[in-house]
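Computation of the quantities below employed the complete heavy-atom set of this structure, encompassing side-chain atoms and omitting hydrogens, waters and symmetry-equivalent molecules. All residue numbers in this chain count up from 1 along the given sequence.
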Amino acid sequence: MIDYFLFIFIVFIVFFWWDTTTKREIAIHHGKFLANKFHLQLLDESVHCNKIIFARTKDGWLSIRRIYIFSVSTNTEDRLNCQLTLIGKSLTDWYVPPYPQKI
């Protein structure tokens with residue numbers, strides 16, 4: 001009985017690791033898109049997961065909400081911390097702080 005529990009636990013851990021790395025790649029893609037949209041440079045793919053919590057989707061299904069923090073730059077001297085939120089594979093929220101525009 002313990003063998004089955006241990007096997008299921010290991011399978012769950014491997015699945016969660018695989019799912020987390022997949023969602024990180026999606027977050028990197030969205031971070032690059034937001035950086036390009038605002039004419040910013042994504043710094044060294046600095047996307048990292050800040051928080052993982054359970055949330056409901058629009059359809060009412062239980063899913064995992066991941067909040068990612070990433071850094072962008074307007075030039076090579078400054079660093080702005082931005083945030084994006086994924087529920088499942090969907091981008092649900094993002095934040096880019098105000099920054100001075102180049103003239």
What are the two closest heavy atoms between [X] and [Y], and how far apart are they?
X: Pro97; Y: Leu80; answer: CG-CB, 4.1 Å
X: Thr74; Y: Asp78; answer: OG1-OD2, 2.6 Å
X: Ser46; Y: Ser71; answer: OG-N, 2.9 Å

State the [atom1]-[atom2] distance between [X] and [Y], to the nearest 0.5 angstrom.
X: Thr22; Y: Trp18; atom1: OG1; atom2: CH2; answer: 4.5 Å
X: His30; Y: Lys89; atom1: NE2; atom2: NZ; answer: 10.5 Å
X: Cys82; Y: Leu34; atom1: SG; atom2: CG; answer: 8.0 Å
X: Tyr95; Y: Ile67; atom1: OH; atom2: CD1; answer: 14.5 Å
X: Ser90; Y: Lys58; atom1: OG; atom2: NZ; answer: 8.0 Å

Exercise. Is Asp19 salt-bridged to Arg66, going by a charged N under 4.0 Å from an acidic O?
Worked result: yes
Are [Y] and [X] connected in a single hydrophobic cluster, I mean Ile/Leu/Val/Met/Phe/Trp/Tyr linked by side-chain heavy atoms less than 4.5 Å apart?
X: Leu91; Y: Ile28; answer: yes
X: Phe16; Y: Phe54; answer: yes
X: Leu62; Y: Ile52; answer: yes

For this session: Please report the C-alpha distance between Ile64 and Ile87 in whole Å, then the side-chain angles of each, then the deciding distance to 0.1 Å, and finally whether the side chain to side chain contact (heavy atoms under 4.5 Å, CB included) criterion is met.
Result: CA-CA 6 Å; Ile64 297 176; Ile87 295 181; over 6 Å; no
For this session: May I ask you to check whether Phe38 and Trp94 place their ring centres under 6.0 Å from each other?
Result: yes
For this session: Give the C-alpha distance, both sets of side-chain angles, the deciding distance and a yes or no for side chain to side chain contact (heavy atoms under 4.5 Å, CB included) between Tyr68 and Asn50.
Result: CA-CA 5 Å; Tyr68 289 90; Asn50 191 32; over 6 Å; no
For this session: Decide side chain to side chain contact (heavy atoms under 4.5 Å, CB included) for Phe70 and Val72; before the verdict, give the C-alpha distance in whole Å, the side-chain angles of both, and the deciding distance to 0.1 Å.
Result: CA-CA 7 Å; Phe70 62 99; Val72 295; 3.7 Å; yes
Problem set entry | Among Asn81, Leu84, Leu40, side-chain contact (heavy atoms from CB on, under 4.5 Å) partner for Val96 | Leu40
For this session: Please work out whether the ring planes of Phe5 and Phe9 are parallel, tilted or perpendicular, with thresholds of 30° and 60°.
Result: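 Correct class here is parallel.
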Exercise. So, does Thr92 use its side chain to make a donor-acceptor pair with the main chain of Thr85 at under 3.5 Å?
Worked result: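 Yes; at least one donor-acceptor contact below 3.5 Å.
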For this session: For Arg24 and Val47, indicate whether the former's side chain and the latter's backbone hold a donor-acceptor pair under 3.5 Å.
Result: yes
Problem set entry | side chain to side chain contact (heavy atoms under 4.5 Å, CB included) evaluation trace for Leu86 with Arg65 | CA-CA 6 Å; Leu86 295 178; Arg65 175 186 295 164; over 6 Å; no
